[in-house]
Amino acid sequence: MEPSSLSGLPAGVGEALEAEGVAELYPPQEAAVDAGVVDGESLVAAVPTASGKTLIAELAMLSSVERGGKALYIVPLRALASEKKAEFERWEEFGVTVGVSTGNYDSDGEWLASRDIIVATSEKVDSLIRNGAPWIDDLTCVVSDEVHLVDDSHRGPTLEVTLAKLRKVNPGLQTVALSATVGNADVIAEWLNAELVESDWRPIELHTGVHFGNAINFDDGSQREVPVERGEDQTARLVADALDTEEDGQGGSSLVFVNSRRNAESSARKLGEVTASRLTGDDRDRLRELAEEIRGVSDTDTSEDLADAVEQGSAFHHAGLASEHRSLIEDAFRDRLIKCVSATPTLAAGVNTPARRVIVRDWRRYDGEFGGMQPLDVLEVHQMCGRAGRPGLDPYGEAVLLANSADTREELFERYVWAEAEPVRSKLAAEPALRTHVLATVASGFAATRDGLLSFLDNTLYATQTDDEGRLAAVTDTVLDYLEANGFVERDRDGGSEGLAATGIGHTVSRLYLDPMSAAEILDGLRTVADDGAGAAASPDGADGEFVAADDPAADADAEDPGFTTYTRAGEAETDDADGPAAESADSDDTSPPVTPLGLYHLVSRTPDTYELYLKSGDREEYTEVCYEREAEFLGDVPSEYEDVRFEDWLAALKTGRLLEDWANEVDEDRIAERYGVGPGDIRGKVDTAEWLLRAAETLARDVDGIDGDVVVQVREARKRLEYGVREELLDLAGVRNVGRKRARRLYEAGIESRADLREADKAVVLGALRGRERTAERILENAGREDPSLDGVDPDSSASAAATAGADADGDGDGQASLGDFG
DNA sequence: TAAGAGGGTGTCTAGACAGCATGTC
DNA sequence: CTAGACACCCTCTTA
């Protein structure tokens, strides 16, 4: 079937596809067309990765738009949203407009309503429904990418409920679900009332095999000799083999999947020896440039190690990397510059990064709940293997599992090579999932009674596949009790069917996209403040005294570290607001409660919306001590060290809280990484999450009675300190565009303490503090609103520069070079 | 004498969505 | 209860 023979698409699209090289539709695509995908029919396409699933979706969306409709493409990851957007934008020349909406990126809210195709994550779609986005009921086509993720216990229920809601709002909605090959695609199709297209067909052949001893045995019975010398590394040998086998004039790249971050890093280091000896001079130059770019992203050990590996043509990839790191690696791997990537499963589910050869080194992974190593799911291994074979570059792809014995080889064949992927199972009937979705469903008007709620839930995959009718109802009732007890819903038991309504605060929680349990925890913590405040009024100096005393141990701990500069706090409890807590406590009987940033950071860190940091050996003692030293700062009850099982979790949250406090105290990123055993990606993730939760906390505190107005101010300040990563006194400066935590500190040390100072200060001092960077300084002066930002003929004041240099860690980022030059 | 081999012990373990308002060094 | 890689420390061996 030729694309140009398809009817129902915008004029020129078929021809454009042929110009792209799609002369003939792939068999699964043709099957999708036969099933009516361009005629508005719903469809489940369960086909392997890279076999043209996206085109099926495009055919559905474009034909829907051509009929005057509007399409939504749901992705599981933010990174995929931008990838898909870029892909779909090639249809803009045919008059089809594209927009994206994710948590960190929105192509303009107003505009979104006018877009023909919208790309968004499932959580974002859920949030848009909760907030009543007006265009939701204009949708005529929804595509759900990687729909097998409904199996995920954390995020699957969101996708499931979101699809159910979209279909309820819009009964005629064409639903196209793209899935990996799973055991029960037919059940998904039944749920969505859709046609099923199932196929193992791939445009590029995939050979899956197991390596043991001197050869890879493939599933088609063929064998490839890859002898491994005694003492030689099996993985290294296979990577070398792929690189030495030229196709298209170049050796093949490899993707190695391992089971931990540490393994990914050490594997990349080792494989660097293999790749380094096979680089051209040009490769070497470009890799050196890339390594520099990587070092520029963050000055942590992780970043440095990554850059070192990349210089050798090898890289690692895991969630501890900053997102900039990740995309640099992904792009360079796709451009064939990096020859080998050692990755945790991040890469198996993420953006498209195909390789000639995929090596699944570890097939077991630690599982905390189980308390030991568990074999990976068949589906997961298949997804990894599916990354083998680069369209247009490789004649075939190879996926190789590693065995260290003949027995293991047989086991791997049985378990993965021959095995069919597990069936997908809905995880909706679990309390955490229902807690948030029951509230949202009631709050956004999808159900007004218990019966209505249950009948709505009947439209989910869970209902389609369960044989235990009562379970969902039972968990729903438990959840309703919880929501009622916390004042999020009201129940009217008088009528025939129990009436349900969200309270004001329930609506707010739903719209903020908070887990109700997070909201309850936050409210509880903030309310304690009000209580304590009343108590503290009896001893007026109590609050302030505790605050100062509590701050000392932290300063001491930092001072022990020779490399770290402790900045003294100029004033206590001074805020930019005229009626700050200091002023308030002076003329009021209500002493302001001891709300500290640590207290707030700890509060949001112990909500279920924050992912826990792991307590390492020794951490228990360390944080138990912190717990006693800073007891006065914690909001809400402190569980007993000896009696309460929650104490462990509480300490883990304290560790996270301390990390956040360090960040807000301008501790360097590399220092934090070292102190908490995390990567730059983890730090940014934690800061980001806490920022989001504090913003929600601020809204909650404002919306609810009985929370002191001062608390709102404190929450906002704690949040802003996280956002900029600075101490209180730098908040004003860091708010100026182009001024981050480091520049703000340098300016402050040079005597420029505020935005106003920036407008009035001696330009020589400003320039000196910014290490003689004229263009940067001019931009900053302009952004601060200075009348005449020009720095023509101004010489940097070297004393300002000296002060600034002393105040910052040596970071070797070229800025240091500039200031050294200024002295000569 | 020092480097290195070999063995026992202890430690640690994947991932990443949401709001809101605009831009680090 | 179920694992495995690695760092670390100690001891013994060997050039």
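Values reported hereafter were calculated over all heavy atoms of this structure, with side chains retained and with hydrogens, waters and symmetry mates removed. Naming: A, B, ... by sequence-line order, numbering from 1 per chain.
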Could you list the protein-to-nucleotides 16-18 of chain B atom pairs, N/O on both sides, closer than 3.5 Å?
residue, atom, partner, partner atom, Å
B:dC17, OP1, A:Arg78, N, 3.2
B:dC17, O4', A:Arg155, NE, 3.4
B:dC17, O4', A:Arg155, NH2, 3.3
B:dC17, O3', A:Thr121, OG1, 3.4
B:dA18, OP1, A:Gly103, N, 2.8
B:dA18, OP1, A:Thr121, OG1, 2.6
B:dA18, OP2, A:Arg78, NH1, 2.8
B:dA18, OP2, A:Gly103, N, 3.4
B:dA18, N6, A:Thr689, OG1, 3.3

- prompt: Looking for any heavy atom pair under 4.0 Å, which part of the strands does A:Val258 touch: base, sugar-phosphate only, or nothing?
  reply: nothing
- prompt: Under 4.0 angstrom, heavy atoms only, what part of the nucleic acid is A:Arg511 near: base, sugar-phosphate, or nothing?
  reply: nothing
Sort me out a list of protein N/O and nucleotides 7-9 of chain B N/O pairs below 3.5 Å, or just none if empty.
none

query: Can A:Asn665 and A:Arg721 be counted as having a side-chain donor-acceptor contact under 3.5 angstrom?
result: yes
query: Starting at CD of A:Glu691 and ending at C1' of B:dG23, how long is that distance when rounded to a whole Å?
result: 13 Å
query: Can you check side chain to side chain donor-acceptor pair (under 3.5 Å) on A:Asp619 and A:Tyr614, steps first, answer last?
result: CA-CA 9 Å; A:Asp619 280 356; A:Tyr614 192 89; over 6 Å; no
task: Can you tell me the distance, in whole Å, between the NZ atom of A:Lys655 and the P atom of B:dC12?
output: 9 Å
Using distance only, find each side-chain donor-acceptor pair of residues 75-83 of chain A under 3.5 Å and give its atom names and separation, not counting sequence neighbours.
residue, atom, partner, partner atom, Å
A:Ser82, OG, A:Ala79, O, 3.2
A:Glu83, OE2, A:Asn352, N, 3.2

message: Run A:Arg716 and A:Glu698 through salt bridge (Lys or Arg N to Asp or Glu O under 4.0 Å) and show every step you take.
response: CA-CA 7 Å; A:Arg716 188 186 315 140; A:Glu698 200 182 317; 3.2 Å; yes
- line: A:Glu669 atom CD is separated from B:dT24 atom C1', nearest whole Å, by 11 Å
- prompt: Distance only, no hydrogens: is a donor on one side chain within 3.5 Å (strictly under) of an acceptor on the other, for A:Asn263 and A:Ser260?
  reply: yes
- request: Verify the distance criterion only: is there a donor paired with an acceptor across the side chains of A:Ser303 and A:His325 at less than 3.5 Å?
  value: yes
- prompt: When rounded to the nearest Å, what value does the distance between C1' atoms of B:dA14 and C:dC1 take?
  reply: 24 Å
message: For a quick check under 3.5 Å, do A:Glu160 and A:His437 share a side-chain donor-acceptor pair by atom type?
response: no
- prompt: Is any side-chain nitrogen or oxygen of A:Ser617 closer than 4.0 Å to OP1 or OP2 of B:dC12?
  reply: yes
task: With heavy atoms under 4.0 Å as the rule, sort A:Asp362 into base, sugar-phosphate or nothing.
output: nothing
message: Categorize A:Arg364 for me: base, sugar-phosphate, or nothing, with a 4.0 angstrom heavy-atom threshold over every strand shown.
response: sugar-phosphate
message: Between A:Tyr513 and A:Asp126, do the side chains contain a donor N or O and an acceptor N or O under 3.5 Å apart?
response: yes
Under 3.5 Å side-chain donor-acceptor pair for A:Tyr73 and A:Asp145: yes
Gap between atoms NZ and P, on A:Lys616 and B:dT13 respectively (whole Å): 5 Å
query: Can you check whether A:Leu731's main-chain N or O pairs, donor with acceptor, with A:Glu717's side chain at less than 3.5 Å?
result: no
query: Do A:Thr436 and A:Asp515 have side-chain atoms, one donor and one acceptor, less than 3.5 Å apart?
result: no
- request: Using atom CE of A:Met373 as one end and atom C1' of B:dA14 as the other, report the distance to the nearest whole Å.
  value: 11 Å
message: Under 4.0 Å, counting only non-hydrogen atoms across every strand here, what does A:Ser122 touch: a base, just sugar-phosphate, or nothing?
response: nothing
- prompt: Could you state the CD-C1' distance from A:Glu782 to B:dG23, rounded to the nearest angstrom?
  reply: 14 Å
query: Out of A:Val360, A:Val256, A:Leu401, which residue meets the side-chain contact (heavy atoms from CB on, under 4.5 Å) rule with A:Met384?
result: A:Val360
message: Run the side-chain hydrogen bond (donor to acceptor under 3.5 Å, both in side chains) test against A:Thr162 and tell me which residues pass, sequence neighbours left out.
response: none
query: For A:Ser605 and A:Thr656, does a side-chain donor sit closer than 3.5 Å to a side-chain acceptor?
result: no
message: Pairing donors with acceptors under 3.5 angstrom, does anything connect the side chains of A:Thr408 and A:Ser405?
response: yes
Whole-Å distance separating the CG atom of A:Asn259 from the P atom of B:dT13: 12 Å
- prompt: Starting at CG of A:Leu770 and ending at P of B:dT24, how long is that distance when rounded to a whole Å?
  reply: 14 Å
- request: Taking only the side-chain nitrogens and oxygens of A:Arg737, find out if one of them lies under 4.0 Å from OP1 or OP2 of B:dG23.
  value: yes
field: DNA chain C base-pair string [pairs: Watson-Crick or G-U under 3.5 Å; |: paired with another strand]
entry: ..|||||||||||||
query: With both distances kept under 3.5 Å, what pairs with B:dT22, Watson-Crick or G-U wobble?
result: none
query: How would you give the extent of chain A contacts on DNA chain C, as first and last nucleotide 5' to 3' within a 4.0 Å heavy-atom cut-off?
result: C:dT2 to C:dC6
